[in-house]
Participant: 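Let me give you the structure first, and then I'll get to my questions.
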Amino acid sequence: GWEAMVREHCGGCERPKRVCICTSLPPQKVLLENTRLLIIQHPKEREKRTYGTVPILNLCIDDVTVITAFLRGSEIREQKRGNRSKGRRTY
């Protein structure tokens, strides 16, 4: 029936259990001291859900901020300036 077609997913990486990547991830999230990671994610990348790079980074690095948008260069520079004014570095 229908239930046989539904794949079991890992509770950690949210991938199907047969392609789970949890054993390849660090045991604890990495803390980037004095640094904050800002990821500007293209909307099409978000469609990949668990198979894109952003979900993997979220599993590995503490304090990741993700903006899903299609931004031009000037908008990215403005975003960086806005975060620096709050006393945080963005690279």
Side-chain angles (χ1 to χ4, degrees):
W2 171 252
E3 288 136 13
M5 295 176 63
V6 176
R7 296 185 207 176
E8 287 186 47
H9 283 76
C10 170
C13 64
E14 298 182 14
R15 292 173 175 240
K17 284 192 175 184
R18 65 180 183 83
V19 292
C20 170
I21 61 168
C22 288
T23 58
S24 300
L25 302 176
Q28 295 180 349
K29 285 187 174 187
V30 176
L31 176 61
L32 303 175
E33 294 185 30
N34 300 316
T35 304
R36 184 169 169 236
L37 181 60
L38 171 65
I39 299 172
I40 301 171
Q41 180 184 40
H42 191 279
K44 289 193 182 244
E45 168 82 10
R46 185 176 177 102
E47 293 172 10
K48 295 178 184 177
R49 294 189 181 123
T50 59
Y51 295 105
T53 55
V54 173
I56 295 171
L57 287 170
N58 271 322
L59 292 170
C60 297
I61 300 174
D62 197 31
D63 195 23
V64 175
T65 300
V66 179
I67 297 172
T68 303
F70 183 79
L71 300 177
R72 293 176 181 88
S74 60
E75 294 170 304
I76 294 170
R77 285 189 293 277
E78 179 130 340
Q79 181 70 37
K80 286 183 178 181
R81 264 196 298 275
N83 284 336
R84 284 195 182 126
S85 67
K86 296 176 186 173
R88 296 181 171 179
R89 290 184 186 170
T90 303
Y91 297 97

Participant: If you round to the nearest 0.5 Å, how far is SG of C13 from CD1 of I56?
Facilitator: 8.5 Å
Participant: Which residues satisfy the salt bridge (charged side-chain N to carboxylate O under 4.0 Å, His left out) test with E33, sequence neighbours excluded?
Facilitator: none
Participant: Are L37 and I39 close enough that some pair of their side-chain heavy atoms sits under 4.5 Å apart?
Facilitator: yes
Participant: Rounded to the nearest 0.5 Å, what separation is found between the NZ atom of K17 and the SG atom of C22?
Facilitator: 10.5 Å
Participant: Working to the nearest 0.5 Å, report the span between OG1 of T68 and CD of Q41.
Facilitator: 4.0 Å
Participant: Does N58 offer a backbone N or O that forms a donor-acceptor pair with the side chain of K29 under 3.5 Å?
Facilitator: yes
Participant: May I have the step-by-step check of side-chain contact (heavy atoms from CB on, under 4.5 Å) for I67 and L38, ending in yes or no?
Facilitator: CA-CA 8 Å; I67 297 172; L38 171 65; 3.6 Å; yes
Participant: Indicate yes or no: at least one non-hydrogen side-chain atom of L32 is less than 4.5 angstrom from one of I61.
Facilitator: yes
Participant: What's the shortest heavy-atom distance between P55 and G52, and which atoms?
Facilitator: CD-O, 3.4 Å
Participant: Tell me the closest heavy-atom pair linking H9 and E14, and the distance in Å.
Facilitator: CD2-O, 3.2 Å
Participant: In Å and rounded to the nearest 0.5 Å, what is the CD1 to CG distance from I21 to L59?
Facilitator: 6.0 Å
Participant: Can you pull the ring-ring contact (aromatic ring centres under 6.0 Å, His included) pairs that have at least one residue in residues 14-45, sequence neighbours excluded?
Facilitator: H42-F70
